[in-house]
*Asks:* 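Can you keep this structure in mind? I'll have questions shortly.
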Amino acid sequence: MTYKFGMDVLKTKINIMVEEARIKGKNNPIEHIKTRLKSVDSIKEKLKRKNLEPTIDNIKEKILDVIGVRVVCAFISDIYEIYQLFLNRSDLKVVEVKDYIKHPKPTGYQSLHLIVKVPVQLANQEIYVPAEIQLRTLAMDFWASLEHKIFYKYNRDIPDYLKHELKQAADTVTLLDEKMKSIRDEVIAIDSVRDSLLLPS
């Protein structure tokens, strides 16, 4: 129940961030948001992988991604802009950061992972529920979705040649993100020059 409430609270806070940016006439850096609660079977499997007993205390203390939120953006700069918004909020606690964009995994996986504590107001107490937020670009999300499908198709044992192909694809994703940012920056520069020419003398 508390995880369900925590996910609802977190989703609402992110939607407020988006709506506030829209009302203020700012660029909305978020393309889309996905949320999920980890299933009981997935929780049990993760506890087993960590060699932990399947107890409520172990879930509360060791499984910090029962709530999962994926925020997908157009550009890498958007990711760090949103990250800063999370840091600036007084109603959330960012307790852990793993930057797989600056330091990709050996597979090529890229994403910015945050563990946050979300306040949930119950009838007689306020509790903080952990949640994992993954911030990715559209290109990173496409790559990660395919990698996940291949990973489970081969039951976690991906052949070496596919690992190599996936790493090459990840390098291509990085180049694509850089190229799209370059194009975006060029468009902004052109618009800026055009606007300056239209200003009355």
Side-chain angles (χ1 to χ4, degrees), residues 3 6-7 9-15 17-18 21 27-39 42-43 45-46 49-50 62-89 92-118 129-154 156-158 162-185:
Y3 286 113
M7 186 175 72
V9 168
L10 183 54
K11 191 172 181 180
T12 298
K13 290 181 186 299
I14 295 172
N15 286 333
M17 288 164 57
V18 171
N27 173 53
N28 173 21
I30 297 175
E31 292 290 325
H32 59 261
I33 302 166
K34 295 179 184 176
T35 59
R36 67 104 180 96
L37 280 179
K38 193 180 282 292
S39 70
S42 293
I43 292 171
E45 183 185 337
K46 189 159 188 175
R49 289 202 310 270
K50 289 175 172 283
K62 305 297 184 180
I63 309 298
L64 303 180
D65 64 342
V66 174
I67 299 171
V69 178
R70 185 174 304 149
V71 180
V72 179
C73 311
F75 305 102
I76 291 175
S77 56
D78 294 334
I79 289 173
Y80 290 103
E81 180 182 335
I82 295 168
Y83 169 46
Q84 193 60 49
L85 289 175
F86 280 119
L87 287 178
N88 292 342
R89 293 191 71 89
L92 285 175
K93 297 177 182 177
V94 178
V95 296
E96 186 178 313
V97 181
K98 291 182 179 178
D99 194 336
Y100 297 117
I101 298 173
K102 292 179 180 175
H103 307 285
K105 291 185 178 182
T107 59
Y109 175 85
Q110 296 183 74
S111 186
L112 181 65
H113 289 198
L114 311 178
I115 299 296
V116 301
K117 292 290 185 74
V118 185
V129 181
E132 181 184 66
I133 300 173
Q134 298 176 350
L135 299 165
R136 300 175 181 169
T137 64
L138 288 160
M140 290 174 193
D141 192 50
F142 176 63
W143 182 93
S145 296
L146 291 180
E147 190 256 3
H148 181 77
K149 289 176 183 177
I150 294 169
F151 190 77
Y152 280 95
K153 181 176 178 63
Y154 284 92
R156 302 179 181 275
D157 187 21
I158 302 174
L162 277 183
K163 290 179 183 176
H164 178 69
E165 293 287 336
L166 280 168
K167 181 61 172 65
Q168 283 190 323
D171 293 340
T172 302
V173 163
T174 300
L175 292 174
L176 176 61
D177 277 332
E178 290 172 354
K179 176 59 70 175
M180 294 309 294
K181 180 183 182 302
S182 175
I183 292 171
R184 191 273 306 265
D185 291 346

*Asks:* Lys167: what forms a salt bridge (Lys or Arg N to Asp or Glu O under 4.0 Å) with it, not counting sequence neighbours?
*Replies:* Asp171

*Asks:* Quick check: closest heavy atoms across Tyr3 and Leu37, and the distance to 0.1 Å?
*Replies:* O-CD2, 3.8 Å

*Asks:* Check whether any side-chain heavy atom of Asp177 sits under 4.5 Å from a side-chain heavy atom of Met140, and report yes or no.
*Replies:* yes

*Asks:* Does some side-chain heavy atom of Ile67 sit less than 4.5 Å from a side-chain heavy atom of Pro130?
*Replies:* no

*Asks:* So, using side-chain hydrogen bond (donor to acceptor under 3.5 Å, both in side chains) as the criterion, who are the partners of Thr35 when residues are at least two apart?
*Replies:* none

*Asks:* Taking all non-hydrogen atoms of both residues into account, name the closest pair between Leu135 and Ser111 and its distance.
*Replies:* O-OG, 3.2 Å

*Asks:* side-chain hydrogen bond (donor to acceptor under 3.5 Å, both in side chains) with Ser39: which residues, sequence neighbours excluded?
*Replies:* Ser42

*Asks:* So for atom CZ, which belongs to Phe142, do other residues, nucleotides or ligands contribute more than 12 heavy atoms lying within a distance under 6.0 Å?
*Replies:* no

*Asks:* Going by ring pair (Phe, Tyr, Trp, His ring centres under 6.0 Å), name the residues that satisfy it together with His113, two or more places apart in sequence or in a different chain.
*Replies:* Tyr100, Tyr109

*Asks:* Taking only residues two or more places apart in sequence or in another chain, which ones pass salt bridge (Lys or Arg N to Asp or Glu O under 4.0 Å) with Lys98?
*Replies:* Glu96

*Asks:* Using the test side chain to side chain contact (heavy atoms under 4.5 Å, CB included), find all partners of His32 that sit at least two apart in sequence or belong to another chain.
*Replies:* Lys34, Val72, Leu138, Asp141

*Asks:* What pairs with Lys46 under salt bridge (Lys or Arg N to Asp or Glu O under 4.0 Å), at least two apart in sequence or on another chain?
*Replies:* Asp65

*Asks:* Is the closest side-chain heavy-atom distance between Thr174 and Thr172 below 4.5 Å?
*Replies:* no

*Asks:* Heavy-atom distance under 4.5 Å between the side chains of Arg89 and Leu92, does that happen here?
*Replies:* yes

*Asks:* My understanding is that only residues two or more places apart in sequence, or in another chain, count here; which of them pass side chain to side chain contact (heavy atoms under 4.5 Å, CB included) with Leu176?
*Replies:* Ala139, Met180

*Asks:* How close do Ala170 and Gly108 get, counting heavy atoms only, and between which atoms?
*Replies:* CB-O, 3.4 Å

*Asks:* Please identify each residue that fulfils side-chain hydrogen bond (donor to acceptor under 3.5 Å, both in side chains) with Gln134, with sequence neighbours left out.
*Replies:* Arg70, Glu132, Arg136

*Asks:* Nearest 0.5 angstrom please: Ile150 CD1 to Lys163 NZ, how far?
*Replies:* 12.5 Å

*Asks:* Just verifying a value: how many Å separate Asn88 CG and Met17 CE, rounded to the nearest 0.5 Å?
*Replies:* 9.5 Å

*Asks:* Under 4.5 Å between any side-chain heavy atoms of Val97 and Leu112, yes or no?
*Replies:* yes

*Asks:* What are the two closest heavy atoms between Ala131 and Val118, and how far apart are they?
*Replies:* CB-CG2, 4.3 Å

*Asks:* Checking side-chain contact (heavy atoms from CB on, under 4.5 Å) between Asn15 and each of Ile33, Leu10, Ile30, which is the one that passes?
*Replies:* Ile33

*Asks:* Identify the heavy atoms of Trp143 and Leu166 that sit nearest to each other, and give their distance.
*Replies:* NE1-O, 2.9 Å

*Asks:* Once side-chain hydrogen bond (donor to acceptor under 3.5 Å, both in side chains) is applied, do any residues pair with Lys13, and if so which ones, sequence neighbours excluded?
*Replies:* Asp91

*Asks:* What side-chain donor-acceptor pairs closer than 3.5 Å can you find for residues 74-81, not counting sequence neighbours?
*Replies:*
from, atom 1, to, atom 2, distance (Å)
Ser77, OG, Arg184, NH2, 3.1
Asp78, OD2, Phe75, N, 3.2
Tyr80, OH, Asp99, OD1, 3.1
Tyr80, OH, Asp99, OD2, 2.8

*Asks:* To the nearest 0.5 Å, tell me how far Glu45 CD sits from Lys38 NZ.
*Replies:* 8.5 Å

*Asks:* Of all residues at least two apart in sequence or in a different chain, which pass the salt bridge (Lys or Arg N to Asp or Glu O under 4.0 Å) check with Lys181?
*Replies:* Asp185

